[in-house]
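Presented below is the structure to which this report refers.
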Amino acid sequence: MTEGRDSRIDATFKRLRAAGRTGLVTFVSAGDPSLPRSADVLRALDRAGADVLEVGVPFSDPLADGPEIQRASERALAAGATLSGVLAMIAGVRADIAAPIVLFTYANPVARMGLEAFARRAADAGVDGVLALDLPIEEAGDLRATLAARGLDTIFLLSPTTTTERIRQAAALGRGFLYGISRLGVTGVRDRVADDARALAARVRAVTAMPLAIGFGISRPEHVAEVGAWADAAVVGSGLVRVIAEYGGRPDLLDRVADYVKWLKSEGTRAPV
Amino acid sequence: MTQTIPGADGVGPIFGRRDPDARGYFGEYGGRYVPETLVAPIEALEVAYLEARRDEAFKRELAALLVDYVGRPTPLYEARRLSAAAGGARIFLKREDLAHTGAHKINNALGQALLARRMGKRRVVAETGAGQHGVATATVCALLDLTCAVYMGTEDMARQALNVFRMRLLGAEVRAVDAGSRTLKDAINEAMRDWVTNVADTYYLLGSVLGPHPYPLMVREFQSCIGREARRQILTAAGRLPDAVVACVGGGSNALGIFDAFLPDQDVRLVGVEAGGEAIVAGRHAARFAGGLAGILQGTRSYVLQDADGNIQRTHSVSAGLDYASVGPEHAWLHDLGRAEYSWVTDAAALGAFETLARLEGILPALESAHALAYAADLARTLGPAAVVLVNLSGRGDKDVQTVQAALDGGRP
């Protein structure tokens, strides 16, 4: 998977910038409602035009997540999803999917598998980047080095509380893109994009040219459009997880997922779901 | 300006004696495994704490309240009838059950609430398992005029209904947590979610030697008043150091609080007693050193009960305060060093010790503390009559009367 400097993530953001288009990063909780169904959802997201696919590893204690993703995690665990299973699922769909795949995880499942084994299996599965929610820069050194040796990007989170000095460190140590949290708090659907997000984006832009995606609380096309004015991409998580929760057991799940993505990408049209 | 507080001589925490490294590690345990949003607030908390513990005015106010409000020093009591029944060593009880609100938790809650006020935070959130930390936090928030919200699992609310009512009487809002195992771990998740959302005006008052640095250090230091008093008291009462100091370990704050003063005394055995639950079978106990592996949970790296995929295992204990899947990182370090030893006691043995102390000494111990008592009675028998055993009686058992009644009526759990 080592492709020199231009990883699949780098290439995606270059293309977005060249086209002057706002990227759409989608998050799903892998294994909700089942791993085979998640594989179908990832294919549908890619076909519908999602630019980066974030794949959440279910964890028993998701303390950075709000109710939608907590419930999705619980359903996935109850259905038998594990980090191993998620990696195997990704390996199975990688060839069908053009978009880069970023694993979104808590630290303990990765620590339990062992960093070296995790990096090898993630690379073999075709994972492009890893974001560990509870590994801030100070604790992420070993993971970053192990992933880098396999050509995988480590993506760091930035928050409205992150100092400018830490933004510099994240840009120096991170690869692929920076993930800016739009507001204080946990993941979840909100009515509007927080004012904090714009201020954070400005602070990031002042110190680095690295691509920036903004997430937490983004669920509607007008949110995506607004974020596009000052960041490279918008991350939609809980809103999509909610669609999957509602239609997960139904035959039209993939159509509803595709409709949601298309709606997100076309500001001004009516809600399809 | 140094000013002596009447009765406060030798009372209060021991600060700055054994800090973790700059990143908050005790050996390979500890650290700061938190979402990015909490990094800056936790750094600010660390700075504020390190300043406060150097500030004579802060220490004076804390010591004065520990004396006048908490009732420190708590007594050291020789349990002669218990010792005779156990048939061995002299057993001494450090009576934290006699501290205001009925457990050692108030020592830490008071220290941190003073820190919260000093930091200009007007709102406090806390988690609670058995309810003793929630009650202590609600109490100090009433005292210091702070808004208080306490998160508690619904399973714990059912088995500690009395403490839920006490918190509400004290003006706290008790927020039910109906996720996961509905116990302490889930309450901590929810308290951290609240904190990360309201971090600008909210102080997270964590109740044990858990979580991201500086909490394990800070909570141990606020609890170190226990060992400081107990060491002096036992030298007076027994004329020598104890052979062993025994304490129950959930997160492990009462244990570190009493161990702290004895750590340099290499001949004193330090024994932490975990919850053996029904048996050491996955999901039926909370003995982290018997069934756990190094892992990362809720901000810190320590021993964690987890499955092969790194998900946190369910736990069980008759005592809500010991019913937790991880343990304070400093305990993990002391365990690996061999300076402290860890054992476990079953639900049934703890219930037996509860009844024994009630009948022989007229003291109802908390079910948590009953684990330490059960172990200590066995140890006393093994060590023989020339030995001295010191037990931290970390809390009183009024809150557990219904649980014990149900266990006695319905057979052992």
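Labels below follow one simple rule: chain letters A, B, ... track the order of the sequence lines, proteins then strands, and each chain is numbered from 1.
Among the residues in residues 196-215 of chain B, those with a non-hydrogen atom closer than 4.5 angstrom to a non-hydrogen atom of chain A are B/Val196, B/Thr197, B/Val199. Of residues 18-27 of chain B, those residues lying under 4.5 Å from chain A by any heavy-atom pair are B/Arg23, B/Tyr25. Contacts with chain B (heavy atom to heavy atom, under 4.5 Å) involve these residues of residues 72-84 of chain A, listed by number: A/Glu74, A/Leu77, A/Thr82.
Side-chain atoms of A/Arg112 do not come within 3.5 Å of backbone N or O of B/Gly295 as any donor-acceptor pair. Proximity of a side-chain donor or acceptor of B/Arg193 to a complementary backbone N or O of A/Gly66 within less than 3.5 Å is not detected.
Residue B/Gln313 does not touch chain A at all, counting heavy-atom pairs closer than 4.5 Å. In this structure, chain A has a heavy atom under 4.5 Å from the side chain of B/Leu297, while its backbone stays farther away.
The two residues A/Pro136 and B/Tyr33 have their closest heavy-atom pair at CD-CA, 4.3 Å. Nearest approach of A/Pro58 to B/Asn311, heavy atoms of both residues: O-OD1, 3.9 Å.
Among A/Pro160, A/Pro62, A/Ala107, the residue making the largest number of heavy-atom pairs under 4.5 Å with chain B is A/Pro62.
Side chains of B/Ile312 and A/Asn108 form a contact here, defined as non-hydrogen atoms less than 4.5 Å apart. Residues B/Thr37 and A/Ile181 are in side-chain contact: their nearest non-hydrogen atoms beyond the backbone lie under 4.5 Å apart. The shortest side-chain heavy-atom distance between B/Pro35 and A/Leu133 does not fall under the 4.5 Å cut-off. Between A/Glu138 and B/Arg32, the closest side-chain pair of non-hydrogen atoms is not below 4.5 Å.
Distance CD1/B/Ile188 to CG/A/Asp61: 9.5 Å, rounded to 0.5 Å. Put simply, NZ on B/Lys185 and OG on A/Ser60 are 5.0 Å apart, with the number rounded to the nearest 0.5 Å.
A salt bridge links B/Glu36 with A/Arg166; the closest basic N to acidic carboxylate O contact falls under 4.0 Å.
Heavy atoms of other residues, nucleotides or ligands lying less than 6.0 angstrom from CZ of A/Arg203 number more than 12.
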Please tabulate, for the side chains in residues 150-158 of chain B, all donor-acceptor contacts under 3.5 angstrom to protein atoms that are two or more places apart in sequence or on a different chain.
{"residue": "B/Tyr151", "atom": "OH", "partner": "B/Arg175", "partner atom": "NH1", "Å": "2.8"}
{"residue": "B/Tyr151", "atom": "OH", "partner": "B/Asp194", "partner atom": "OD2", "Å": "2.5"}
{"residue": "B/Thr154", "atom": "OG1", "partner": "B/Asp178", "partner atom": "OD1", "Å": "3.2"}
{"residue": "B/Asp156", "atom": "OD1", "partner": "B/Arg159", "partner atom": "NE", "Å": "3.0"}
{"residue": "B/Asp156", "atom": "OD1", "partner": "B/Arg159", "partner atom": "NH2", "Å": "2.9"}
{"residue": "B/Asp156", "atom": "OD2", "partner": "B/Leu184", "partner atom": "N", "Å": "3.3"}

